[in-house]
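Inspection log for the structure reproduced underneath, given as structure tokens.
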Amino acid sequence: MAEPKPEIEKSINFLEEIIENDLKAGKYKSIVTRFPPEPNGYLHIGHATSICLNFGLTKKYGGYTNLRFDDTNPVTEETEYVESIKQDVKWLGFEWKNELYASDYFDTLYGYVLKLIKDGLAYVDELPSDEMAKLKGTPTEPGKDSPFRNRSVAENFELFEAMKAGKFPDGAKTLRAKIDMAHTNMLMRDPILYRIKHAHHHRTGDKWCIYPMYDFAHGQSDSIEEVTHSICTLEFVPHRELYDWMISKLEIYPSHQYEFARRNLTYTVMSKRKLLQLVNEKHVSGWNDPRMPTISGMRRRGYTAAALREFCDRVGIAKRDNIVDVGLLEFCVREDLNKITQRRMVVFDPLKVVITNYEGSGETLHGENNPEDENSGNRAIPFSREIYVERDDFMEIPSKKYFRLAPGQMVRLKHAYIIRCDNFVKDDAGNVTELHCSYIPESKSGSDTSGIHVKGTLHWVSIAEAIEVEIKLYDRLFRVEDPSSEDGDFKEYINPESLVVLPKTFAEPALAKANVGEGFQFLRKGYFNLDSDSRADKLIFNRTVSLKDNWAK
Ligand code: ATP
Ligand code: MG
């Protein structure tokens with residue numbers, strides 16, 4: 001029997017280390033994680049990190065991951081967001097075990113809070129929020145007790161029932177945990193558990209007018225689902241003490257909270273609140289604008305799920321806040337697209353070339369679809385006497401080392417022949433309007449017997465068969481690395497050239513069969529995909545990413 005190949009072990013991250021120790025100690029047989037988005041916006045690349053982490057851990061160590069909508073705030077949540085979130089998680093390539101909603105636990109949570117009241121651990125307060133804030137103290141000074149803190153259990157029950165029954169307006173009363181107003185952790189100073197909100201909820205309708213706060217919903221939902229490792233971002237570190245307090249007082253399943261650093265990316269913003277402003281104020285065309293850092297925007301732009309997963313994997317997770325260069329994400333996208341996309345030729349800024357010695361009506365040539373994939377086959381490419389090349393592939397007076405077209409210079413037309421520029425035509429304004437070239441008949445690609453070596457290879461299209469398409473060139477949405485840390489409004493730093501439209505470009509006819517979302521490499525131009533706004537008579541291609549990283553230049 002062959003020896004198993006030794007695996008090169010990638011160093012594990014701190015969460016994997018915790019889980020491996022837990023499993024070794026026999027604390028769990030398998031693990032349960034959850035991805036808990038609040039359905040108040042579309043998912044972004046930061047969420048993708050959390051998704052890859054949570055689902056990746058249960059894939060690696062056995063167990064499962066739930067998708068739980070953290071929908072305890074009735075005002076900001078919408079069904080549209082729920083649907084988009086499900087689509088994005090699936091697209092990223094993950095399957096959740098259960099689709100759950102924190103709002104499904106409202107009855108259970110209500111039962112839990114009655115236990116706290118019964119045990120003298122919660123009370124109904126009626127301080128207005130500003131007075132409550134005043135009594136809260138500061139990190140260096142203890143807070144003061146509310147005058148309503150010592151009501152009897154019976155009175156608390158009665159008032160809380162009345163809150164639930166809708167007897168009071170929004171904000172008139174709250175239910176607070178009775179912990180310690182002098183606690184060093186400000187979050188432990190009698191946090192609010194329930195508030196009154198006469199609002200319609202996307203799932204529970206008008207059943208409730210009291211809603212639990214994050215700290216009385218999140219950890220409890222984890223317990224109900226018997227989540228073993230509840231992973232969140234660093235800003236929740238101070239909440240962990242409260243999370244544990246609730247579990248111990250309620251005597252429910254002991255889930256544990258672990259924190260990692262949020263994913264930040266250069267040249268963009270990531271908070272849903274900011275992304276919503278970009279959408280509402282029409283700086284972008286919507287949540288799925290190809291310039292957005294949302295998963296749906298990246299998908300529309302042509303980023304692949306494999307590239308996003310690879311990016312998350314390469315960056316890993318950290319315990320300290322940091323900002324990752326978007327160039328790394330683009331690198332992952334380029335690397336994947338190079339492997340999988342078919343090649344096509346598109347001329348962005350056309351200059352007509354007449355091949356003066358080419359007789360006949362034309363011929364069909366063939367080009368390999370993808371040199372990286374031997375099974376990708378060939379496509380037919382029409383060739384004829386009149387073609388377009390790029391305007392900047394010609395220079396009247398060539399500079400040194402310019403190996404493209406110039407009077408007397410030869411180039412190869414990709415998948416076709418070698419041509420020599422003999423002459424050019426100018427209009428009255430002095431612009432070059434046409435090149436006259438001759439071709440070398442024995443130089444046909446694949447059966448070249450000409451013995452001529454040229455240094456330049458150009459992409460081109462045959463004019464008669466070319467289809468006119470629109471190209472959208474995207475650049476970074478912001479012109480500074482970290483718009484959120486700059487002075488003033490982050491929107492002042494939007495890059496005015498983040499979208500450039502080329503309305504009239506010419507594509508080889510094989511592109512007429514492109515499907516929405518399908519990606520291609522346009523030779524010498526970059527990676528592009530067919531945009532969902534395309535119509536049969538107007539194809540629109542998005543530039544996914546350039547061929548090389550030329551941002552630095
Ligand atoms: P935002 O501030 O963008 O609105 P959020 O944290 O409020 O983000 P949620 O819907 O509550 O968004 O997040 C769902 C999960 O995704 C949480 O577990 C959260 O920790 C995680 N998450 C959100 N943003 C990031 C990020 N930038 N990096 C890593 N994880 C994130
Ligand atoms: Mg949130």
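In this chain, numbering begins with 1 at the start of the sequence shown. Atoms within a ligand are numbered from 1 in the order they appear, just like the ligands themselves.
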**Item:** Test item, Phe260 contacting ligand 1 (heavy atom, 4.0 angstrom)
**Value:** yes
**Prompt:** Hey, is His44 one of the residues with a heavy atom under 4.0 angstrom from ligand 1?
**Reply:** yes
**Asked** Between His201 and Phe106, how do the two ring planes meet: parallel, tilted or perpendicular, split at 30° and 60°?
**Response** perpendicular
**More than 12 heavy atoms from other groups under 6.0 Å of CD on Glu497** = no
**Prompt:** In this structure, are over 12 heavy atoms from other groups packed under 6.0 Å from Lys115 atom NZ?
**Reply:**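 Yes, because the 6.0 Å sphere around NZ of Lys115 holds more than 12 heavy atoms from other groups.
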**Test ring pair (Phe, Tyr, Trp, His ring centres under 6.0 Å) applied to Phe236 and Tyr214, Tyr243, Tyr258, the passing residue** = Tyr214
**Item:** All side-chain contact (heavy atoms from CB on, under 4.5 Å) counterparts of Leu92, not counting sequence neighbours
**Value:** Ala48, Ile51, Phe94, Ile295, Leu308
**Lys/Arg-Asp/Glu bridge criterion (N-O < 4.0 Å) met for Asp119, Lys249** = no
**Request:** Please identify which atoms of ligand 1 are closer than 4.0 Å to at least one heavy atom of Thr233.
**Result:** 20 (O), 29 (C), 30 (N), 31 (C)
Which of the listed options, [options], holds the heavy atom that is closest to [atom]?
atom	options	result
atom 25 (C) of ligand 1	Pro293, Cys312, Ala48, Gly46	Gly46
atom 21 (C) of ligand 1	Pro37, Ser50, Ala261, Ser230	Ser50
atom 9 (P) of ligand 1	Arg68, Lys272, Met270, Arg34	Lys272
atom 6 (O) of ligand 1	Arg263, Arg262, Lys274, Glu38	Arg262

**Heteroatom distance test (His47, ligand 1): nitrogen or oxygen, under 3.5 angstrom** =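 Among all N and O atoms of His47, at least one is under 3.5 Å from an N or O of ligand 1.
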**Request:** Could you list all the ring pair (Phe, Tyr, Trp, His ring centres under 6.0 Å) pairs where at least one residue sits in residues 303-339, not counting sequence neighbours?
**Result:** none
**Prompt:** Is ligand 1 under 4.0 Å from a heavy atom in the side chain of Phe35, in the backbone, in both, or in neither?
**Reply:** side chain
